[in-house]
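Below: one structure, written as structure tokens.
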Amino acid sequence: MRRAELRKRLVEGFRWTDPGPESTHLVSDSSGWWRDPAILAGLGPALAEPFRDERPSVVIAPEVTGLLLGPLVANALGVGFVPAYKNTGDRRIAEPTTWAWTDSDYRGRRLALGVRNRHLGPADRVLVVDDWVASGAQIRALYEVITIRGGTALGTAALVAECSPEMARELRLDSLLTAADLHT
């Protein structure tokens with residue numbers, strides 16, 4: 001599927017929902033993206049293409065939605081996938097893990113993101129993948145983990161970019177949509 005057609009389908013498959021009077025904002029609903037088999041088939045190749053010449057050796061994506069999206073991109077590139085976990089206190093990873101803290105994210109939270117040490121090393125050329133980059137805080141933390149482990153962060157592929165143009169340049173971010181595309 002061509003990138004322009006995929007973008008159109010992404011916009012059509014998205015909606016904003018009102019969670020009720022106690023909420024101060026609308027909530028994004030991207031569930032239609034995962035239901036549409038054409039979108040599902042097109043996401044990996046479309047997000048991988050701008051980075052193919054960089055020859056990534058692995059894709060890393062943060063939980064939760066990144067765990068759906070990351071493997072699609074890794075598969076399109078013919079490389080492995082490494083999940084990045086958020087240390088929410090609900091569970092512990094029972095092996096050596098490298099962690100980095102985020103700056104405040106789009107919700108004002110600071111999170112720790114971690115990758116198992118055995119899955120990331122100095123020879124790795126890493127493409128980071130996420131569904132929505134709002135502040136860039138989580139991506140920056142993942143770049144820190146990659147650097148600590150000796151790898152090379154090649155850039156970030158995302159479905160939606162909401163961050164500033166300066167942040168997008170810093171992260172070497174390529175996205176299919178901007179948040180403005182979804183407010184039409």
Side-chain angles (χ1 to χ4, degrees), residues 1-7 10 30 33-34 38-87 93 95-103 105 111-178:
M1 175 184 316
R2 291 187 2 252
R3 198 169 168 115
E5 175 62 23
L6 181 58
R7 288 173 39 86
L10 286 167
S30 60
W33 296 347
W34 310 111
I39 289 176
L40 208 53
L43 287 176
L47 292 172
E49 193 55 40
F51 296 95
R52 192 171 297 284
D53 290 343
E54 298 285 332
R55 297 185 344 268
S57 62
V58 68
V59 168
I60 292 179
E63 64 178 329
V64 172
T65 309
L67 301 186
L68 296 168
L69 190 58
L72 297 174
V73 178
N75 185 59
L77 290 167
V79 302
F81 170 71
V82 174
Y85 295 100
K86 296 175 185 175
N87 186 359
I93 297 175
E95 63 182 282
T97 302
T98 299
W99 296 91
W101 282 93
T102 67
D103 292 330
D105 69 5
L111 302 169
L113 278 89
V115 173
R116 287 178 169 92
N117 291 352
R118 66 186 168 101
H119 293 306
L120 184 62
D124 283 314
R125 299 173 51 77
V126 183
L127 175 60
V128 176
V129 172
D130 206 355
D131 63 332
W132 197 298
V133 179
S135 71
Q138 291 186 40
I139 304 303
R140 275 183 156 169
L142 288 176
Y143 281 19
E144 183 178 342
V145 168
I146 293 163
T147 299
I148 291 168
R149 298 296 305 145
T152 302
L154 301 174
T156 300
L159 295 180
V160 181
E162 188 174 9
C163 60
S164 70
E166 297 79 24
M167 179 60 69
R169 279 191 297 279
E170 176 187 325
L171 300 176
R172 296 170 309 283
L173 173 63
D174 184 86
S175 67
L176 293 174
L177 300 171
T178 66

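The basis for the numbers below is simple: all heavy atoms, side chains too, and nothing from hydrogens, waters or symmetry mates.
- Here the closest non-hydrogen pair linking Ala123 and Ser57 is O-OG, 4.2 Å.
- Counting heavy atoms from C-beta on, the side chains of Leu69 and Leu159 come closer than 4.5 Å.
- Under the rule for a ring-ring contact (aromatic ring centres under 6.0 Å, His included), Trp99 has no partner lying at least two apart in sequence or in another chain.
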Test salt bridge (Lys or Arg N to Asp or Glu O under 4.0 Å) on Asp124 and Arg149; report intermediate values, then the result. CA-CA 9 Å; Asp124 283 314; Arg149 298 296 305 145; over 6 Å; no
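- Two residues are said to be in side-chain contact when any heavy atoms from C-beta on lie closer than 4.5 Å; Arg172 and Leu154 fail this criterion.
- Side-chain contact between Tyr143 and Leu171: present, with at least one pair of heavy atoms (C-beta onward) separated by less than 4.5 Å.
- Although no hydrogens or angles enter the test, the distance criterion places no donor-acceptor pair under 3.5 Å between the side chain of Lys86 and the main chain of Pro62.
- For the side chain to side chain contact (heavy atoms under 4.5 Å, CB included) test, residues two or more places apart in sequence or in another chain that qualify with Trp101 are Arg110, Ala112.
- Judged by distance alone, with hydrogens and angles left aside, the side-chain atoms of Arg116 form no donor-acceptor pair with the main-chain N or O of Pro83 at under 3.5 Å.
- Taking CE of Met1 as the start and CG of Leu40 as the end, the distance is 10.0 Å to the nearest 0.5 Å.
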For Thr65 and Trp132: C-alpha separation, side-chain torsions, deciding distance, then whether side chain to side chain contact (heavy atoms under 4.5 Å, CB included) applies. CA-CA 9 Å; Thr65 309; Trp132 197 298; over 6 Å; no
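- In this structure, OG1 in Thr98 is found 12.0 Å from NE2 in His119, a value given to the nearest 0.5 Å.
- In plain terms, the two heavy atoms of Arg3 and Ala46 that are nearest each other are NH1-O, 3.2 Å.
- Taking all atoms of both residues into account, the shortest heavy-atom contact from Gly42 to Leu6 is O-CD2, 3.6 Å.
- No donor-acceptor distance shorter than 3.5 angstrom exists from the side chain of Thr178 to the backbone of Ala161, with no hydrogens or angles considered.
- The CD atom of Glu54 sits 10.5 Å away from the OG1 atom of Thr152 when rounded to the nearest 0.5 Å.
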Can you list the steps and then say if Leu176 with Leu43 is a side chain to side chain contact (heavy atoms under 4.5 Å, CB included)? CA-CA 9 Å; Leu176 293 174; Leu43 287 176; 4.2 Å; yes
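- Qualifying side chain to side chain contact (heavy atoms under 4.5 Å, CB included) partners for Ala157, counting only residues two or more places apart in sequence or in other chains: Leu47, Phe51, Leu127, Val129.
- Shown here is Arg52, whose CZ atom has more than 12 heavy atoms of other residues, nucleotides or ligands within 6.0 Å.
- In this structure a side-chain-to-backbone donor-acceptor pair under 3.5 Å is present from Ser164 to Met167.
- In this structure, the separation between CZ on Arg7 and CD1 on Ile39 is 12.5 Å, given to the nearest 0.5 Å.
- Separating the CD1 atom in Ile139 from the OG1 atom in Thr102 is a distance of 11.0 Å, to the nearest 0.5 Å.
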Run Val133 and Ser175 through side chain to side chain contact (heavy atoms under 4.5 Å, CB included) and show every step you take. CA-CA 9 Å; Val133 179; Ser175 67; over 6 Å; no
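- Contact between Leu67 and Ala61 at its shortest, heavy atoms only, is CD2-O, 3.9 Å.
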List the steps, then state whether side chain to side chain contact (heavy atoms under 4.5 Å, CB included) holds for Asn117 with Glu95. CA-CA 8 Å; Asn117 291 352; Glu95 63 182 282; over 6 Å; no
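- In this structure, Val115 and Ala84 approach most closely via the heavy-atom pair CG2-CB, 4.0 Å.
- Residues Phe81 and Asn75 form no side-chain contact, since every pair of their non-hydrogen atoms from C-beta on lies 4.5 Å or further apart.
- Considering every non-hydrogen atom in both Gly70 and Val59, the closest pair reads O-CG1, 3.7 Å.
- Taking CD of Glu63 as the reference point, atom CG of Leu68 lies at 11.5 Å (rounded to 0.5 Å).
- The side-chain heavy atoms of Val58 and Val126, taken from C-beta on, include a pair separated by under 4.5 Å.
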